[in-house]
Amino acid sequence: MNPISTRYPINELFETIQGEGFYTGTPAIFLRLQGCPVGCPWCDTQHTWEKSAADKVDLATLLAKSSASAQWAELTAAEILAAFKQQGFQAKHVVITGGEPAMYDLRELAQVLEAAGYRLQIETSGTFALQVSAATWVTVSPKLDMPGGFLVRPDCMKRANEIKHPVAMQKHIDALDNLLAQCPPAENVIIALQPISQRSRATELAIKTCIERNWRLSVQLHKYLHIE
Ligand code: SF4
């Protein structure tokens, strides 16, 4: 047994409905990890980029947060499980997101949560080697040519259960085609296009392409429902 438990930097944990990708509509506990060096200019969680010691708080302060902030708490897997129970969460699907959660070794977290009956999903940019359980559902949302200079890894693309790609213009689909040619995914992978910012032209392009390719459409249901 590992005598030193891994401590995970948690920016947020809350229960909602998964609004994106394969598990759309599934009640889920979201576990947002602090830290991301990828640097996407349009990132809507920029408050998770820096893991500053000045922003470290305890669990009670974290749970009392009423808006997005850079505050984070450091918790072991056992403490995370205890927090789920303390909060009265009912969902059995746990989405590990960020930030970039693949910066961390998630195997201990998976071991503890899976033993307690949870199913894990990770949402990642595909730019860090994955340290997840065999049962974890891997959603790669590949981030190409971002300022951080990280490359999408062929091993992440191969491990992906689902590749979810934000699109606004044809060049985004062309970039995905190039990536799929260079880093082939598994044969049974699910590919989903996600229109950026609910724009109608992006949505039309995504619908047309999904029908042509037999891909899936991911519409960010939570944004239409105005939930977190
Ligand atoms: S990888 Fe995700 S969290 Fe990191 S900058 Fe890009 S969108 Fe934001």
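Just so you know, ligand 1 is whichever comes first in the structure, and atom 1 is the first atom listed for that ligand. It should be emphasised that the depicted structure is a prediction, and the values quoted were computed from it without experimental measurement.
The hydrophobic clustering, which links ILVMFWY residues whose side-chain heavy atoms are closer than 4.5 Å, places Trp137 and Phe30 apart.
Within ligand 1, counting atoms from 1 as listed, the ones closer than 4.0 Å to a heavy atom of Trp49 are 5 (S), 8 (Fe).
Excluding waters, the set of protein N, O or S atoms lying under 2.8 Å from atom 6 (Fe) of ligand 1 comprises Cys40 SG.
Other residues, nucleotides and ligands contribute over 12 non-hydrogen atoms within 6.0 Å of the CD atom of Gln87. More than 12 heavy atoms of other residues, nucleotides or ligands sit less than 6.0 Å from atom CG of Asp174.
Ranking the protein heavy atoms by distance from atom 2 (Fe) of ligand 1 puts Gly99 O, 4.2 Å first.
Sequence neighbours left out, the pairs with a member in residues 138-189 that pass ring pair (Phe, Tyr, Trp, His ring centres under 6.0 Å) are Phe128-Phe150.
For the pairing with Thr139, the side chain to side chain donor-acceptor pair (under 3.5 Å) check across Gln18, Glu20, Gln121, Glu123 returns one residue only, Gln121.
Checked against a 6.0 Å centroid threshold, the rings of Phe84 and Tyr118 count as neighbours.
The pair Lys208-Glu204 does not count as a salt bridge, with every side-chain nitrogen at least 4.0 angstrom from each carboxylate oxygen.
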